[in-house]
Amino acid sequence: MTFCAAITDAEGLRLTPQEKKLFREMNPFGFILFARNIETEDQVRALCDEFREAVGRNCPITIDQEGGRVQRLRAPIAREWLPPLDHAERAGDHAERAMYLRYRLIARELFELGIDSNCAPMVDLARADTHAFLKNRCYGSDPKQVSKIGRAVAKGHLEGGVLPVIKHMPGHGLSTLDSHHDLPHVDLTQEALEGADFAPFRALNDLPMGMTAHLVYDRIDPQPATISPTMIGLIRDTIGFDGLIMTDDISMKALSGAPEEIAHHALAAGCDVVLHCNGSYEARAKVLEAAGEMTPQAQKRAEKTLSMRQKPVELDIEAAEAELSALMGGQVYER
């Protein structure tokens with residue numbers, strides 16, 4: 001069964017008959033959840049079941065559950081976390097272990113709801129002028145330390161039965177604009193980037209899935225990375241990432257054009273699958289049609305990604321929370 005080269009979403013708390021029919025016919029690789037899709041634990045489980053019933057298989061269902069500002073699941077369904085950068089800084093020398101435990105607990109919450117993928121680790125480097133939309137979502141500014149924390153975050157996911165999605169390749173930390181609204185530009189040479197922003201992605205190039213960055217690396221290519229054959233080639237060859245490459249949301253304002261046109265350009269550039277969120281039913285249908293079936297190489301990567309799903313390792317939640325609290329000096333969650 002060849003997958004449609006898209007990950008998409010739903011309008012509400014349950015699938016409409018129209019959505020079920022579309023997903024059954026088009027067979028998108030997977031789905032993503034947003035706050036509008038979340039009300040209660042039982043409702044989320046039911047929605048995840050409906051996604052999988054529509055495509056007739058155990059498709060991946062992902063979410064943005066970084067903690068801090070970016071977490072779709074909120075109390076009382078899930079823990080309310082400090083922003084990742086605050087968490088890592090508070091943990092200090094224990095950041096790797098603390099972040100592992102954080103995302104091990106997050107993975108358990110997700111898996112129990114039927115969600116088996118999360119858009120993390122985010123290993124973009126924080127800088128003094130990194131835009132506020134991104135900065136406190138980072139893990140730090142040192143490439144080696146960020147790589148270690150990123151590995152711990154990925155391990156926490158995988159041991160919890162959740163596939164991690166590394167982002168934003170090949171590095172979004174130099175952005176001084178919010179790519180939800182504007183197209184950021186980076187004015188550094190490839191050599192300078194390889195020693196900094198690209199380094200964590202190279203260190204984690206064995207992870208199953210990665211998400212692109214909507215920004216332009218002016219000294220490498222004039223096109224946004226998501227639709228640039230040059231930049232996707234760099235991710236593959238220089239960074240060495242051979243996992244499934246998905247775009248960041250193609251409805252973000254950093255990219256110009258109709259979503260179905262962007263989908264075509266991203267796949268032509270070498271992305272394996274497009275992520276389309278927050279569009280109308282009509283827009284969603286157009287994107288799925290434009291994405292079409294995965295290429296043989298993308299299908300191979302998709303199947304390999306699915307084979308990397310693990311049965312969750314047993315977790316003593318009380319012990320994990322106690323250890324995390326000790327590492328964090330008592331403040332683990334947002335108050």
Side-chain angles (χ1 to χ4, degrees), residues 62-71 73 75 78-112 115-126 130 134-168 171 173 196-197 199-210 243 308-335:
T62 196
I63 196 167
D64 280 301
Q65 191 73 0
E66 299 173 5
R69 283 183 296 113
V70 181
Q71 58 176 80
L73 297 169
R79 298 167 178 84
E80 298 271 355
W81 296 94
L82 293 168
L85 186 59
D86 295 353
H87 188 116
E89 289 179 342
R90 187 177 295 274
D93 293 341
H94 305 292
E96 284 179 64
R97 180 65 180 173
M99 292 289 273
Y100 163 80
L101 290 167
R102 169 191 175 109
Y103 287 95
R104 185 68 179 82
L105 290 164
I106 286 174
R108 182 183 173 93
E109 291 175 337
L110 298 181
F111 191 84
E112 290 192 337
I115 303 164
D116 63 353
S117 173
N118 190 20
C119 296
M122 196 190 87
V123 295
D124 304 315
L125 299 183
T130 299
L134 192 79
K135 189 167 184 178
N136 71 354
R137 299 163 57 194
C138 299
Y139 305 157
S141 57
D142 176 72
K144 289 184 178 179
Q145 180 65 3
V146 168
S147 298
K148 291 178 181 178
I149 294 174
R151 177 65 67 186
V153 170
K155 181 181 178 184
H157 281 95
L158 289 166
E159 291 186 359
V162 173
L163 290 169
V165 180
I166 188 173
K167 62 187 186 185
H168 304 83
D197 294 71
F201 295 97
R202 187 184 303 110
L204 300 171
N205 64 14
D206 59 321
L207 294 186
M209 288 191 283
M308 295 174 74
R309 292 192 282 201
Q310 301 176 13
K311 182 179 179 181
V313 177
E314 187 175 347
L315 177 68
D316 184 328
I317 296 176
E318 187 175 337
E321 289 194 312
E323 182 184 357
L324 183 55
S325 179
L327 294 175
M328 298 286 291
Q331 185 178 357
V332 176
Y333 309 116
E334 283 189 324
R335 294 199 172 101

Could you check whether any side-chain heavy atom of Met328 comes within less than 4.5 Å of a side-chain heavy atom of Leu82, counting everything from C-beta outward? yes
With sequence neighbours left out, what residues match Asp116 under salt bridge (Lys or Arg N to Asp or Glu O under 4.0 Å)? Arg52, Arg309
Under the side-chain contact (heavy atoms from CB on, under 4.5 Å) test, residues paired with Asp142 that sit two or more places apart: Lys144, Gln145
Specify the closest pair of heavy atoms between Ala320 and Leu315, including all atoms of both residues, with the distance to one decimal. CB-CD1, 4.0 Å
When rounded to the nearest 0.5 angstrom, what is the spacing between NZ in Lys148 and CE in Met99? 15.0 Å
Nearest heavy-atom pair of Ser117 and Thr62: which atoms, and what distance? OG-OG1, 2.9 Å
Taking the side chain as every heavy atom from C-beta outward, state whether Cys138 and Val146 have any atom pair closer than 4.5 Å. no
Is a side-chain N or O of Arg151 found less than 3.5 angstrom from the main chain of Ala203, in a donor-acceptor match? yes
Can you give me every donor-acceptor pair (side chain of residues 154-164, partner residue at least two apart or in another chain, under 3.5 Å) with its distance?
unit_1: His157; atom_1: ND1; unit_2: Val153; atom_2: O; d: 2.9
unit_1: His157; atom_1: NE2; unit_2: Asn118; atom_2: ND2; d: 3.0
unit_1: Glu159; atom_1: OE1; unit_2: Tyr100; atom_2: OH; d: 2.5

Validation row: Thr130, Arg137 side chains within 4.5 angstrom (heavy atoms): no
Can you find a heavy atom in the side chain of Pro84 that is under 4.5 Å from one in the side chain of Arg102? yes
How long is the span from the CD1 atom in Ile166 to the CG atom in Leu204, to the nearest 0.5 Å? 4.5 Å
Is the backbone of Glu66 close enough, under 3.5 Å, to the side chain of Tyr103 for a donor and an acceptor to pair up by distance? yes
From Ser141 atom OG to Leu85 atom CG, the distance as rounded to the nearest 0.5 Å: 8.5 Å
Applying side chain to side chain donor-acceptor pair (under 3.5 Å), name anything that partners Asp64, two or more places apart in sequence or on another chain. Arg72, Lys167
Side-chain donor or acceptor of Glu80 paired with backbone N/O of Ala75 under 3.5 Å: yes
Sorted by chain and residue number, the side-chain contact (heavy atoms from CB on, under 4.5 Å) partners of Asp93 (sequence neighbours excluded) come out as none
Is the closest side-chain heavy-atom distance between Met122 and Leu134 below 4.5 Å? yes
How long is the span from the CG atom in Leu125 to the OH atom in Tyr139, to the nearest 0.5 Å? 12.0 Å
How far apart are the closest heavy atoms of Asp197 and Gly173, and which atoms are they? OD2-N, 4.1 Å
Evaluate the side-chain proximity of Val123 to Ser147: yes if any heavy-atom separation is below 4.5 Å, no if none is. no
When rounded to the nearest 0.5 Å, the distance separating CG of Leu73 from CD1 of Ile106 is 9.5 Å
Under the side-chain contact (heavy atoms from CB on, under 4.5 Å) test, which residues partner Arg79, sequence neighbours left out? Trp81, Leu105, Glu109, Ile317, Glu321, Tyr333
